[in-house]
Amino acid sequence: MASAIHPEPGLYVTATPIGNLADMTYRAVEILKKADLILCEDTRQTAKLMSAYGIETPRAPYHEHNAARARPGILKKLQDGAVIALVSDAGTPLISDPGYKLVREARDAGIAVFPVPGANAGVAALSAAGAPSDRFFFAGFLPPKPGARAKALAALAPVDATLVFYETAPRLAGALSAMAEAFGKRRAVVARELTKLHEEFREATLADLAALYEETPAKGEIVILVFPPESREAGDADIDAFLETALQTMSVKEAAAAAAETLLVPRKAAYARALALKDGR
């Protein structure tokens, strides 16, 4: 099977395990073995993975502190026909790391970019947490300063999807408390140390989780999943407000149809109310 994988020139965005070394795909191992160069966030961290799988490919650092300086040389190698793999310290590159600009510039230069999928902490947490997964919004790391964090959370409050955050252990209790203030009594799951020996999922309201981790500080890598806002049945005031706006540009029939579809109310009732508003009643 190994001989079947012959990577063509290009940039290979390669996922690596988020904790359990066994979560490495066969294809990823072969790509890393056959690449000309592996770009790493931290060459020392990646060295542990390389040792476990007998990978001897040369490594070079590519992180937020050297990315702008290193990119031109990397792109030149790629244009000359090199096979280069991009990895992060754990999980899928470009998810909260500096790989985006390299991929963007490679594509702009006509260089082939290939995904080599695998582990991702946010998706792993979502798959096992029991939070709604039909729609989710990845919000990454929140700003560290309280004011900027509150502003970011306020913007996310109305999003009708499960919110996925990454957070550090020292900031966990503060982040959960800020979320409780911004989102109210919504439920959440804290997923910690995914795929590792002390993997843990805890579900409660945001306020209860904040109190728990304030009393007993967490350790390790953390994903926070916040459940979507609960749906609320539209009341008469909601229907009137929608119809009054819609009737400025639509007929009674069109406005009623739009209200029924958007607010999930009976079309007949929406039509009767739209007609009354049109007649000034």
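All residue numbers in this chain count up from 1 along the given sequence.
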Got a donor-acceptor contact below 3.5 angstrom from the D89 side chain to the D42 backbone? yes

Give the cluster check for Y62 versus I84: same hydrophobic cluster or not, with ILVMFWY residues linked at side-chain heavy-atom distances below 4.5 Å. yes

Assess the residue pair F242 and L263 against the criterion (side-chain contact (heavy atoms from CB on, under 4.5 Å)); give the C-alpha distance rounded to whole Å, side-chain angles, the decisive distance to 0.1 Å, and a yes or no. CA-CA 9 Å; F242 183 95; L263 302 178; 3.9 Å; yes

So does L32 get a backbone contact from the side chain of T57, meaning a donor-acceptor N/O pair under 3.5 Å? yes

Quick check: do V223 and E167 have side-chain heavy atoms less than 4.5 Å from each other? no

With the side chain counted from C-beta on, respond yes when E244 and L277 share a heavy-atom pair under 4.5 Å apart, and no when they do not. yes

Kindly list each side-chain donor-acceptor pair under 3.5 angstrom involving residues 148-163, sequence neighbours excluded, with atom names and distances?
unit_1	atom_1	unit_2	atom_2	d
D160	OD2	R135	NH2	2.9
T162	OG1	P132	O	2.6

Under 4.5 Å between any side-chain heavy atoms of L86 and T14, yes or no? no

Indicate yes or no: at least one non-hydrogen side-chain atom of P117 is less than 4.5 angstrom from one of T92. no

With the side chain counted from C-beta on, respond yes when L212 and R202 share a heavy-atom pair under 4.5 Å apart, and no when they do not. yes

So, are R187 and E203 salt-bridged, with charged N and O less than 4.0 Å apart? yes

Is there any side chain to side chain donor-acceptor pair (under 3.5 Å) pair reaching into residues 102-125, and which pairs are they, with sequence neighbours excluded? R71-E105, R104-D108

V83 and E8: CA distance, side-chain angles, deciding distance, side-chain contact (heavy atoms from CB on, under 4.5 Å) verdict: CA-CA 7 Å; V83 173; E8 60 185 276; over 6 Å; no

Minimal heavy-atom distance between R171 and L142, with the atoms involved, is NH2-O, 3.1 Å

Non-hydrogen side-chain atoms of M50 and E56 separated by less than 4.5 Å: no

So, K77 and D36, do they make that salt bridge, N to O below 4.0 Å? no

Taking the side chain as C-beta and beyond, is there a heavy-atom pair between I224 and I222 under 4.5 Å? yes

Taking every heavy atom of R27 against every heavy atom of V116, the minimum-distance pair comes out as NH1-CA, 3.6 Å

Between F114 and L11, is the side-chain contact (heavy atoms from CB on, under 4.5 Å) condition met? List the steps. CA-CA 6 Å; F114 305 95; L11 178 65; over 6 Å; no

With a 4.5 Å heavy-atom cut-off, do E221 and E193 have their side chains touching? yes

Ring-plane angle category for F138 and Y166, please: parallel below 30°, perpendicular beyond 60°, tilted otherwise. perpendicular

Mind running side-chain contact (heavy atoms from CB on, under 4.5 Å) on M179 and V226 for me, showing each step along the way? CA-CA 9 Å; M179 290 177 189; V226 181; 3.9 Å; yes

Hey, does the side chain of E41 reach the backbone of H63 with a donor-acceptor pair shorter than 3.5 angstrom? no

Distance-minimising heavy-atom pair for G54 and K33: O-CE, 4.0 Å

Which atom pair, heavy atoms only, marks the closest approach of T46 to C40? OG1-CB, 3.3 Å

Taking all atoms of both residues into account, what is the closest heavy-atom pair of G118 and A15, and its distance? N-CB, 3.4 Å

